[in-house]
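On a predicted model such as this, the values are computed, not experimentally measured, just so you know. Atom set for the values below is all heavy atoms of this structure, side chains included, hydrogens, waters and symmetry mates excluded. For reference, positions follow the sequence shown, starting with 1.
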Amino acid sequence: MMLLYILLLSNVFLRVFTNKYNFLPRIFNISDVFLVSLLLLFYIINKSGNNIKKYNINVLRYLFVFNVIMCFAIMLNSKYFYPPAALSQIVMWNEPIILFYIVGNLNINNLDVLKFKKILIAIVMLEFIIGVTQVPYYISTGASEEIIGTFSGNAEQYTFFLMIGVYYLIGKCIYNSNFKIFNIFAIVCNIGLILLVDNKASWLGIIVSIFTLMYYYSNIKQGSFKFAKYIIIFIVFVSSGIIFVQNNSGSIKKYGNLYAAIEKGELFNLGKIKGIRDIGTAYYQNPHMTFIGSGPGNFYSRSAGQFYNVSLDSLYINPLPVSKERMYKKSNSMAGVIEQTNKKPFYLRHYKGDGEIYRIGSGQIDTPFSSMASLLGETGIIGTVVYLGIYIIAFKKCIKIMYRYSEDVDIFPLISAAVGLLIYITTISIYNNWLEAGRMTTVLWTIIGMISIYDHNKKNNNTQNANYNKL
């Protein structure tokens, strides 16, 4: 358990020491990889525990098939293969799932699970407080990118962490208690802070995840908690958010830029659409890529954006301003650690001459990179279906556990957090590389592993009690 706590703390606090104050070298930004490797080593050595067989083994089988697909992709696309980028990408895809398997087989009891829950929520509360202290600076300067908690230079990861608290509190609100009004107030405060953060890309994920949670909650509470009631709450929430953002967000003008680009006939030259076009072109020109892709680390994945010496300006019809370039460099956690190669990544084959992407000033729309694009581009349709199948298995399992423990006030809020985060991260991965961000995925899959242990222990206790009663 100690290594899991170290992993959690390093995911949350290390960027302050590596990116902001430069007390530690940036190689520590991949401490999650080293810590998960240590956990795997200890697991192999000790190889004992709860053995949550069917659920864990099914996930592991999917991951094995996914890795076989990547091996075939590497062999059939060897001329595009760059070992450091490929290895990095393989690690990013595998790390959180392997961590889940390890956590799910830990020999711990439910008191340990609840202790983990308390520590996690305490850290979320601390991050919220730190974010609130950064609001006055935002009010005086308008620099919303400075509301980042301890996630220096990365508002996206800060929002992800705050959302753990939102989903957890929503789960607590399902129960009638003396603290229900306080919990609702805390949710409003958290979402208000999130709307101030310079991460408008999170809005779709927030809307989809909260709407989905409300739908499942309505099934659990079929009496007074009808789905229609949740729809009303949802509409009020979204409407309030829109009004709030229109009056407080300095980056809302980006949506006006989007409409302007469409009017100019540049719709198909927007970054995200260009990425989809390039994947379709690759499938047409290289039929085998339709099934297994171009291989890891060369086609709109996180590694493809880190390991190759490609200027951002070269991708755009209208180059990035200097301030935007600096922002990207600031958020790059591995700048100065990765030695970039002059080898051209596969995706550059789709850029002829000067840049082809029309930028509107949005970090999400302007870039063709995303986890969905990288899965489709680098592992093909088969690889994408297999890998997303792991997330679908996890989602279905979490929903079953949610229904099973709908009256268990100790674990239900954490289950709510797991379900919400699963929906949130997969939604945003449609247009961002979040399924490859270990700082977030390791937290998510640790939570899923913990609620799986809780479920397994409860079932074992019930079985033992039943056998005892028979005696």
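Shortest non-hydrogen contact noted between P368 and I357 is CD-CD1, 3.7 Å. Nearest heavy atom pair, residue M402 against residue L213, reads CE-CD2, 4.0 Å. Taking all atoms of both residues into account, the shortest heavy-atom contact from P413 to V409 is CD-O, 3.3 Å. For the residue pair D112 and I108, the shortest heavy atom distance occurs at OD2-CB, 3.4 Å. Closest approach of A437 to R302, counting heavy atoms only: CA-NH1, 3.6 Å. For I170 against I210, the heavy-atom pair with the smallest separation is CD1-CG1, 4.3 Å.
Not counting sequence neighbours, the partners of E127 by the side chain to side chain donor-acceptor pair (under 3.5 Å) test are T150. Partners of Y167 according to the side chain to side chain donor-acceptor pair (under 3.5 Å) rule, which considers only residues two or more places apart in sequence or in another chain, are S209. Partners of S370 under the side chain to side chain donor-acceptor pair (under 3.5 Å) rule, at least two apart in sequence or in another chain, do not exist in this structure.
Taking the six-membered ring where the residue is Trp, F161 and F151 present tilted rings, their angle falling between 30° and 60°. Using cut-offs of 30° and 60° for the angle between ring planes, the Y217 and F412 rings count as tilted.
In F268, the CZ atom is not crowded: 12 or fewer heavy atoms of neighbouring residues, nucleotides or ligands sit closer than 6.0 Å. Remark: F291 CZ is loosely packed, at most 12 non-hydrogen atoms of other residues, nucleotides or ligands lying under 6.0 Å away.
A donor-acceptor pair shorter than 3.5 Å can be found between the side chains of E436 and S374.
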- [ ] Decide yes or no on side-chain hydrogen bond (donor to acceptor under 3.5 Å, both in side chains) for N77 and N286, but give the supporting numbers first.
- [x] CA-CA 10 Å; N77 302 285; N286 308 275; over 6 Å; no
- [ ] Under the ring-ring contact (aromatic ring centres under 6.0 Å, His included) rule, what do H350 and F299 come out as? Steps first, then yes or no, please.
- [x] CA-CA 10 Å; H350 303 285; F299 202 173; 5.6 Å; yes
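The side chain to side chain donor-acceptor pair (under 3.5 Å) test with N11 is passed by exactly one of T441, T442, T446, D32: T442. Between Y387 and the options F64, W93, Y62, a ring pair (Phe, Tyr, Trp, His ring centres under 6.0 Å) holds for only W93.
Ring centers of Y300 and Y347: under 6.0 Å apart, within the cut-off. For Y391 and W445, the ring centers sit closer than 6.0 Å to each other.
The pair R404-D455 counts as a salt bridge, with a side-chain nitrogen and a carboxylate oxygen less than 4.0 angstrom apart.
Going from atom OH of Y424 over to atom CG of L444 covers 12.0 Å, rounded to the nearest 0.5 Å.
Taking the centre and axis of the six-membered ring of Y80, the NZ or CZ atom of K344 falls outside the cone set by 45° and 6.0 Å.
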